[in-house]
Amino acid sequence: MLDVRSAMRRAASFHRDRVAVIEGERSRTFAEVWERGLRLANGLAAAGLQPGDRVAVLEDNGLESADFFTGTAAGNFVRVPLYRRNSRESHRHMLASTESRALVVTPPYLHEVEGLADGIAVIVRDESYEPWLAAQSADDPDPDVGLDDLYVIRHSAGTEGKPKGIAFSHRRWMNTERDWVLGLPPIQAGDHCQHAGPISHGSGYLFLPVWLAGGASILEPKFDAERTLELLQHHGGYFFAVPTMLADLARLAEGRNYDFSGLKAIVVSAAPIRRPTAEAAHALFGDRLYQLYGQTEAVPVVFMGPEDWFATIEGSDPMSAAGRVMPFAELEIRGEENEPLPVGETGEIAVRCDGQMDGIWRDPELTARRLVDGWVLTGDIGRLDANGFLYVVDRKDDMIISGGFNIWPAELETVISELAGVREVAVFGVPAARWGETPHAVVVVAEDCALTDEDVRAACVERLGSYKKPSSVELRTEPLPRSPVGKILRRALRDPHWAGQERSVAGA
């Protein structure tokens, strides 16, 4: 197996004259991008950095984003992506906990890190950047790189507490990238991949496979549904989307005609997808939708393509599933004592794969809790069926205990999300004098939606039974709060209901 640096350098040689990155009307070839990466690597070395030192980045997608991907690999530095929607406190923690020796930042985000990067080299991509880069040597520093050298520290998308650094070696990352594209149509030289989501997060998993195959990455500074549809029609290729992106694309495209014959695959991940969203996207894009499941700590472990996702399979409900367990992954459902449970039973999802984390950065206690006997305990609750499909029921910590009954918010969210006019929904437990706690639903609806709270409760009673219905329903048109990586902040909605309580769970 090659390390990331060697693999990228080889691809840059094989595809030197092909276009590697595109932003708007600008583009660069593989040879040009690799040379810029070498210059950045040498510039970091001139600032005193050594191979293995951590280098953080805070940016939108752009042509120069490729400098960082190639430069850190070329110098055997460790990538530390910061998330543009994070708070200053999160940036401070991520820089300090990883002991980053340098920070690359674009001008729009400079104020977010001012005063946080004292004592480290700061490279600002302003008007001074190009002259600085051109002044650096283009010689290959050619450091020794071991497969078990650290390659990247990504941070968990936790909704509370401080972000946790998840460390990956070159070996682990190459295995992760192999599995990300394992079930997709083969990427070929000259293919395109549109990155409308930040390459610091989910879309970034496709950057390296596309590079290694000789494809071109289209780096969009932000997601714009109109432009995304135009680029997918014009360039085809590959696209990573979170479910909210798909919903926006399907809504905008309604009643229009598009030709997506050149589109190979849209990879959907990062959050559960509603059945109506999947159906609308399938009607628009056809059999080009692929779904995968995993966590920052281990991804992907479950996958399905359109031939499974939109099929009728006896004994399974693919539209409610996250996919099938992948060939190079292991998955078990665990009970309260961490024992494997039989097919069909519900418990915590435990996974093991070649690309899983090496550990949580400098937190041996948390690593020991999350990485047990080589298995990553996800904290997600799910079940497997006899055909190998995984159904993710909820987060372990989000369970509602009402009058002694266990209620998983995702069960209610699935039912409510399928009602006409519903855009998104979050269910969580609130205090109840008799039952200890009871479900409360916050439902985001379209402006012209006629849905009532009674409609919501009635649907839950019909599908799930009376004891699982939400005792209260809040209908609104403003979007739900989300984390920097787009996940619904259920706790931010829940906490005000528990203000003044001694604890945030209650007994009957």
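If you're wondering where the values come from, they're calculated on a predicted model, not measured in any experiment.
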CD of E336: more than 12 outside heavy atoms within 6.0 angstrom?
no
Step through the shown structure and confirm whether more than 12 heavy atoms of other residues, nucleotides or ligands are within 6.0 Å of CD on E365.
no
Contact between [X] and [Y] at the side-chain level, heavy atoms closer than 4.5 Å - yes or no?
X: L229; Y: L252; value: yes
X: V299; Y: Y293; value: no
X: T98; Y: M94; value: no
X: Q295; Y: I166; value: no
X: F285; Y: L249; value: yes
X: F240; Y: S269; value: yes
X: V105; Y: L82; value: no
X: S100; Y: V55; value: no

Any donor-acceptor pair under 3.5 Å linking the side-chain atoms of [Y] with those of [X]?
X: N42; Y: D139; value: no
X: R84; Y: Y109; value: no
X: E59; Y: T106; value: no
X: Y129; Y: D67; value: yes

Nearest non-hydrogen partners of [X] and [Y], listed with the distance:
X: I349; Y: I333; value: CG1-CD1, 4.0 Å
X: A7; Y: L212; value: O-CD2, 3.4 Å
X: G37; Y: A74; value: O-CB, 4.4 Å

Flag, side chain of [X] to backbone of [Y], donor-acceptor distance under 3.5 Å:
X: Q136; Y: W132; result: yes
X: S417; Y: T414; result: yes
X: W211; Y: M8; result: yes
X: R125; Y: E64; result: yes
X: Q356; Y: G374; result: yes
X: S90; Y: N86; result: no
X: R18; Y: G214; result: no
X: H195; Y: S203; result: yes
X: E424; Y: V444; result: no
X: R154; Y: V80; result: no

Does [X] come within less than 4.0 Å of [Y], counting only side-chain N to carboxylate O?
X: R36; Y: E130; result: yes
X: E478; Y: R423; result: no
X: R227; Y: E230; result: no
X: R54; Y: E99; result: yes
X: R16; Y: E35; result: no
X: D373; Y: R352; result: no
X: D308; Y: R324; result: yes
X: D363; Y: R370; result: no
X: R172; Y: D354; result: no
X: D140; Y: R9; result: yes

Please walk me through it: do F303 and W309 pass ring pair (Phe, Tyr, Trp, His ring centres under 6.0 Å)?
CA-CA 10 Å; F303 178 92; W309 193 349; 9.7 Å; no
R28 charged N/C atom sitting above W34 aromatic ring, 6.0 Å / 45°
no
Whether W173 and Y205 hold their rings parallel, tilted or perpendicular, with breakpoints at 30° and 60°
parallel
Separation between CD1 of I488 and CG of L480, rounded to the nearest 0.5 Å
5.0 Å
Please enumerate all residues that pass side chain to side chain donor-acceptor pair (under 3.5 Å) together with R88, with sequence neighbours excluded.
none
